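Order of appearance sets the numbers: ligands from 1, and atoms from 1 within every ligand. Computed from a predicted model, the values in this text were never measured in an experiment.
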Amino acid sequence: MPSTLDPELRRALAERVRYYRELGIYDFYRRESRAAQSTEGAPAASETVPAFLSLTPSSTIESELREEMAARKSAVVPTKAEDNVLEIVTPKPEYGVADPVAALKLIREDLGDCTRCKLHEQGRKQIVFGVGNPRAELMFVGEGPGADEDAQGEPFVGRAGQLLNNMIKAMGLRREDVYIANVVKCRPPENRLPEKDEITTCSPFLMRQIDTIKPKVICTLGSCSAQTLLQTTQGISKFRGEWFDFRAAKLMPTYHPAYLLRNPGAKPEVWKDLQKVMAVLGLQPKKR
Ligand code: SF4
């Protein structure tokens, strides 16, 4: 894919590729240009491919994609994450693996001892991939590991994690019933927010976890995860507690447990958000 492709066109192209993936089409081939076809004859059957993967999109496909882009621009909050189209087009080892346990293992193996972004050399002890039920109906997504998580290799194990456990329990679930992951898998130094390039590099692995687990509901915790998945720069207080569509899941943005530790007065708002999630999942609050 040429590096000169318009970023929004790339994003639209990525969405189109995902659409084909959802139809079960994973393999794509380049089509020869019309000029090449006219001089070299008709392409072989294996070279006949969807035009959208042509390195130079046809005017029809391009105008179609530009219409999609225009429609997206009119939305208040986009519902799709920015994708690296190359990440999507490249076949992934977990494709076609029906067992989510095996598929998650393949994603973890693909991540390896990752050095894809600068967080690998900024003091991380280990990669914090994710934890929980690979068939979970509910997935929580935070921003990145903190010191405790970095030390233990598991997301949400510090004070914020204890609070998240209590929230999960209040919903009538156990921690092992849900799946918990972060946007970035390595600890940002000094607990700073993950930076854009780190999010762009690491979040495709989160998307693959989501595609594998196929939760009914994704509950994003804090601004970073909500803004990443919904591709918005709006502050979370503007859209917290509202439902969004994210791929096949419903997405509920709420505050991060760490924020609640600093602002316990916001707990009732979060409980309202969790109750909406419980209603969709048919959960009853835990009896005291
Ligand atoms: Fe790799 Fe993600 Fe860690 Fe960056 S944050 S080094 S992309 S695992």
- [ ] Evaluate the side-chain proximity of Val128 to Pro155: yes if any heavy-atom separation is below 4.5 Å, no if none is.
- [x] yes

TODO: Taking the side chain as every heavy atom from C-beta outward, state whether Asp273 and Arg240 have any pair of such atoms under 4.5 Å apart.
DONE: yes

TODO: Consider only side-chain N and O atoms of Gln209 and Arg108, and report whether a donor and an acceptor are under 3.5 Å apart.
DONE: no

Task: Check: Gln152/Lys125 side-chain N/O donor and acceptor closer than 3.5 Å - done: no

Open item on the list: Please determine whether residues Val184 and Leu111 belong to a single hydrophobic cluster, defined as Ile, Leu, Val, Met, Phe, Trp and Tyr linked transitively by side-chain heavy-atom distances below 4.5 Å.
Closed with: yes

Task: Every N, O or S from the protein that is nearer than 2.8 Å to atom 4 (Fe) of ligand 1 - done: Cys117 SG

Task: Candidate list Leu206, Leu251, Leu221, test side-chain contact (heavy atoms from CB on, under 4.5 Å), partner Val141, passing option - done: Leu206

- [ ] Please could you name the atoms of ligand 1 that Arg124 approaches to less than 4.0 Å, counting only its heavy atoms?
- [x] 3 (Fe), 6 (S)

- [ ] Check ligand 1 against Leu111 and write out every atom of the ligand that is under 4.0 Å from a heavy-atom position of the residue.
- [x] 8 (S)

TODO: Considering only NZ, NE, NH1 and NH2 on the basic side and carboxylate oxygens on the acidic side, decide whether Arg174 and Asp177 come within less than 4.0 Å.
DONE: yes

